[in-house]
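Just so we're on the same page: letters track the sequence lines, and every chain starts at 1.
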Protein chains: 2
Amino acid sequence: MVTSMTDAANTNEPRPYHHGDLSRALVEAARRLLEQDGPSALSLRAVAREAGVSPAAPYHHFKDKGELLDAVAHEGWEMLNVRMTEARARETTLGDKLTALGVSYVQFAREHPALYRVMYDCSREKATLPEHLHEADDSAYCQVRDVITEVGGGPMNELDIELATTAAWCAAHGLAEMVAFKQFDPMKEQLGGDEAFLRGVFTHLGIFGHMNARALT
Amino acid sequence: MVTSMTDAANTNEPRPYHHGDLSRALVEAARRLLEQDGPSALSLRAVAREAGVSPAAPYHHFKDKGELLDAVAHEGWEMLNVRMTEARARETTLGDKLTALGVSYVQFAREHPALYRVMYDCSREKATLPEHLHEADDSAYCQVRDVITEVGGGPMNELDIELATTAAWCAAHGLAEMVAFKQFDPMKEQLGGDEAFLRGVFTHLGIFGHMNARALT
DNA sequence: AATACATCTTGACGGCGTTCAGATAGGTGC
DNA sequence: GCACCTATCTGAACGCCGTCAAGATGTATT
């Protein structure tokens, strides 16, 4: 059983007493464990082991385990932002942009299921989604809201925009969780592929279907 | 610190050596802890304590902790089924029935957030939703599918029905999770109440908005 | 009454998150 | 170059957890 090459634990030169940038190393170790063995394997002690330090070392950089997970989750949201920004830029019409945002969101969740779980688990404990989600311009929420605002043009009032964005968010998150439970293989086959399936579901959801219709006609 | 009155641990007559129906008592103890202190307080040892037995006793009735949680989750799904059946029966038009199913789903999730979490956490570990969900006639999924089938009438093919049901499910689950993160107080105020808010979001979601329009016109 | 069986307890194991006293090293002023 | 301060890391400990094996205690069967 050989561990990761980036694992500082079993290099021969055993590491200087002071690590240098342990908080960074811890977050990366956590991400590695998460991708390899899932959320249940993500104990603070395991992270410390993976980073090659004692179980107590993380406490000089994070208040507790939750704060480390917060850092991991934060990275996750940033990755998601990048992903959605790219997907949005690839499309030309507003309807396509909106669908692309939704599809890329779900694809991210499926490619990084453990990370996606941590992102929401952290929010659950604080009973609130991260602030930057509703503020940073490139945040997933703001991007969706922007496109919806543009699609709606003048007629949509503030309340409707927030409602519609919330609805879209719920739909995307719901679908992201569902694809972790079910494979939907029969549907995928009939629709000819994975992305077609995702588009199919989104088309059945008002924000997307409705908007697409409006944008395309 | 006085514990629950149903707690068998501190009755004076300390309990017969053989409990009688421990598996039932354990599930109920688990539910009590869940409602009172949330999912994080739900350790096997705590459940055993609450039921007034030793930490090892549960292993004569459940293979491991997961199997106990499965039993709790199963009860949760049944409660949800009842809730949705009632909500559906209260309405007359198909559109109203569909919206009522969605609203009652989300309300259940908010009233029993810890139980709702356990229901999905159990599914996550097995990477599949419980079978009865797609089979039992009164299951949440089947109820939604039935109404959608009726609304669609003849024109909807099998694939579209499953897609639409999946979409509705995702939307409801997504919203159910969102209300655990955000209070949406500003929106609720503007819309005049909690249920109005939920209806508002669902109206923005295709299955519901679209269906309502079709059913009402 | 004797025997088999189900059920519950006791005690133990390793792993967890967390804390605290003490070891180690880099940085600062002399 | 040296002493000191502070940040960082270690080691050992605490109480909790899930789980298991061995033994105690009732119930059921014969």
Side-chain angles (χ1 to χ4, degrees), chain A residues 1 3 7-11 13-30 33-34 36-73 118 121-122 125-126, chain B residues 1 3 7-11 13-30 33-34 36-73 114 118 121-122 125:
Chain A
M1 186 69 175
T3 54
D7 182 348
N10 36 354
T11 49
E13 193 178 352
R15 181 183 48 87
Y17 192 92
H18 285 304
H19 184 287
D21 192 359
L22 183 54
S23 52
R24 176 88 235 129
L26 286 170
V27 174
E28 282 171 10
L33 288 176
L34 211 46
Q36 284 172 16
D37 307 325
S40 64
L42 198 63
S43 68
L44 226 187
R45 291 178 109 104
V47 174
R49 251 183 329 257
E50 172 80 10
V53 295
S54 80
Y59 286 89
H60 293 269
H61 301 268
F62 301 98
K63 185 176 127 287
D64 54 14
K65 185 186 177 184
E67 214 171 62
L68 202 176
L69 293 192
D70 282 346
V72 174
V118 170
D121 281 348
C122 286
E125 282 185 21
K126 297 191 285 291
Chain B
M1 183 70 173
T3 54
D7 182 348
N10 35 352
T11 49
E13 192 178 354
R15 179 181 49 87
Y17 191 92
H18 286 305
H19 184 287
D21 192 359
L22 183 54
S23 52
R24 175 89 235 128
L26 287 170
V27 173
E28 282 170 11
L33 288 177
L34 212 46
Q36 284 172 15
D37 307 324
S40 64
L42 198 64
S43 69
L44 225 185
R45 291 178 109 105
V47 173
R49 241 171 353 242
E50 173 80 10
V53 294
S54 80
Y59 285 89
H60 292 270
H61 301 270
F62 300 97
K63 186 177 125 285
D64 54 15
K65 184 186 179 186
E67 213 171 63
L68 201 177
L69 293 192
D70 282 345
V72 175
V118 170
D121 281 348
C122 286
E125 283 185 21

**Item:** Rounded distance (Å) that lies between atom P of C/dC16 and atom CG of A/D64
**Value:** 17 Å
**Item:** Candidates C/dT18, C/dT9, D/dC17 - which lies nearest the side chain of B/A57
**Value:** C/dT9
**Message:** If I take atom CD in residue B/E50 and atom P in nucleotide D/dC17, what distance separates them, rounded to the nearest angstrom?
**Reply:** 13 Å
**Asked** Any idea which of C/dT18, D/dT10, C/dT9 is nearest the A/H60 side chain?
**Response** D/dT10
**Request:** Could you tell me the separation between the OH atom of A/Y59 and the C1' atom of C/dC20, rounded to a whole number of Å?
**Result:** 13 Å
**Request:** Would you indicate, yes or no, if C/dC16 has its OP1 or OP2 atom less than 4.0 angstrom from a side-chain nitrogen or oxygen of A/R49?
**Result:** yes
**Asked** Between A/A56 and A/S43, which has a closest nucleotide on DNA chain C that is more 5'?
**Response** A/S43
**Message:** Between B/K65 and A/R45, which residue's closest nucleotide on DNA chain D lies nearer the 5′ terminus?
**Reply:** A/R45
**Asked** Looking only at atom types and distance, does a side-chain atom of B/D64 sit under 3.5 Å from a main-chain N or O of B/E67, one as donor and one as acceptor?
**Response** yes
**Request:** Would you sort out whether A/V72 and A/L42 count as a side chain to side chain contact (heavy atoms under 4.5 Å, CB included), showing the intermediate values?
**Result:** CA-CA 11 Å; A/V72 174; A/L42 198 63; 5.7 Å; no
**Complete:** Closest non-hydrogen atoms of B/D37 and B/A41, given as atom of the first, atom of the second and distance, are CB-CB, 3.4 Å
**Item:** Step-by-step side chain to side chain contact (heavy atoms under 4.5 Å, CB included) determination, A/L68 to A/L44
**Value:** CA-CA 9 Å; A/L68 202 176; A/L44 226 187; 4.1 Å; yes
**Distance, rounded to the nearest Å, where B/L22 contributes CG and C/dT9 contributes P** = 8 Å
**Request:** Quickly work out the B/D21 CG to C/dA6 C1' distance and round it to whole Å.
**Result:** 14 Å
**Item:** B/H61 side chain, from C-beta outward: closest of D/dC17, D/dC9, C/dC8
**Value:** C/dC8
**Message:** Without decimals, in angstroms, what is the distance between B/L26 CG and D/dG18 P?
**Reply:** 13 Å
**Fill in**
note: A/F62, atom CZ; D/dC9, atom P; distance rounded to Å ~ 11 Å
**Request:** Please state how far atom CG in B/L42 lies from atom P in D/dC16, giving the value in whole angstrom units.
**Result:** 17 Å
**Prompt:** Looking at side-chain heavy atoms only, is the closest gap between A/V118 and A/L34 below 4.5 Å?
**Reply:** yes
